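All residue numbers refer to positions in the sequence shown, counting from 1. Values reported hereafter were calculated over all heavy atoms of this structure, with side chains retained and with hydrogens, waters and symmetry mates removed. Every value quoted in this text rests on a predicted model; they were computed, and no experiment measured them. Indexing begins at 1, ligand by ligand and atom by atom, following the structure's order.
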Amino acid sequence: MSSTSPTVTELTPLACLDPQNKGVRIALIVLNQPQSLDVLAVLWTKAAVLKAVTDGGVNRLYDATRNNPESWIPDLITGDFDSASSENLQYYKDKGSEVICTPDQDHTDFTKCLQLVVQRMQERNIQVDYIVSVGAFGGRMDQVMANINTLYEARSLTSIPVILLDEVSMAFLLSPGKTLLHVQTGGEGEWCGLVPVGGTCPHVTTTGLKWNLNDQALKFGELISTSNTFDQSAAGLVTVETNDPLLWTMGVNVQRS
Ligand SMILES: Cc1ncc(C[n+]2csc(CCOP(=O)(O)OP(=O)(O)O)c2C)c(N)n1
Ligand SMILES: O=c1ccn([C@@H]2O[C@H](COP(=O)(O)O)[C@@H](O)[C@H]2O)c(=O)[nH]1
């Protein structure tokens, strides 16, 4: 993340999926949903400097990489361990993964894993541009909502943007202020959306979209911006100004190298 001026945050949300990685560094968190080897391969081998897996994510990682699991050993495995198979946990432990039990039942395994990832980065002085969690959509609706809630919780844990990702979609939380998004890595799908999931966003202004907003309110039950798309004349640049945190989401097209 960099800033073009004190008030504009500049981000390339899908820089981490570019097979020609241009120096982007991420911390990766694998969640308990089926994993795409294409997505994992780009993130794991080209961008991830810290790799974490939470609970049943170990089964998903093992399944996705079963032809060559020894090349996919995470740095950190966390969770309350009601989903990870003991064989898979033992496999990664034997190969050197740090395994930490997080039994607290007031936060999800994802939130607790994120806390530990942030802690490890601070302890080891690891700098990353993004924290990317894969397997964040699909599966249980309560878990999808909890994953989005983790984005809100993350605001008090780290200033590093936290991205939810799968093979089809990505989402992250825009902070109050103005954000300049680069959406021309080649990995973006056609659709995008601005979803005021955490509460009404009374003042939203955008550029670079087909359906722009001009100091308008986004509110469930009234207006939310879904099935939006990019203005092709905007050179892959989108700006969003909001006074309140606002969920940005867009399609993903995995590029194979
Ligand atoms: C008000 C309230 N509702 C629900 C819960 C229950 N709860 C919230 S987070 C959490 C842990 C979830 O763990 P995770 O491994 O992420 O999900 P699981 O697959 O076990 O459902 C639990 C049990 C709670 N503590 N408080
Ligand atoms: O349907 C689902 C199930 C899980 N997740 C995410 O994975 C972690 C770990 O899940 P466990 O069930 O504890 O193995 C969970 O905290 C969620 O973030 C999901 O997104 N959808």
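- Interatomic distance, Leu43 CG to Asn21 CG, rounded to the nearest 0.5 Å: 9.5 Å.
- In this structure, CD on Glu188 lies 8.5 Å from CG on Asn253, to the nearest 0.5 angstrom.
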Could you walk me through whether Arg60 and Asp63 pass the salt bridge (charged side-chain N to carboxylate O under 4.0 Å, His left out) test, one step at a time? CA-CA 5 Å; Arg60 309 300 190 157; Asp63 287 348; 5.8 Å; no
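- The immediate protein surroundings of ligand 1, defined as residues with any heavy atom under 4.0 Å of it, consist of Asp80, Asp82, Gln105, Asp106, His107, Thr108, Asp109, Arg140, Gln143.
- One distance of note links CZ of Phe172 with OG of Ser133; it measures 13.0 Å at 0.5 Å rounding.
- If you take CD1 on Ile131 and CD1 on Ile29, they are separated by 6.5 Å, rounding to the nearest 0.5 Å.
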Assess the residue pair Glu98 and Arg124 against the criterion (salt bridge (charged side-chain N to carboxylate O under 4.0 Å, His left out)); give the C-alpha distance rounded to whole Å, side-chain angles, the decisive distance to 0.1 Å, and a yes or no. CA-CA 14 Å; Glu98 180 187 10; Arg124 297 173 193 170; 3.4 Å; yes
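- We find the OG1-CD1 distance between Thr249 and Ile148 to be 8.0 Å, quoted to the nearest 0.5 Å.
- Rounding to the nearest 0.5 Å places CG of Leu247 at 9.5 Å from SG of Cys201.
- Among protein residues, Leu31, Asn32, Gln33, Thr54, Asp55, Gly56, Asp82, Ser83, Thr108, Asp109, Phe110, Gly135, Gly139, Arg140, Gln143, Asn147 come within 4.0 Å of ligand 2, judged on heavy atoms.
- The closest side-chain heavy-atom distance from Leu164 to Val132 is not below 4.5 Å.
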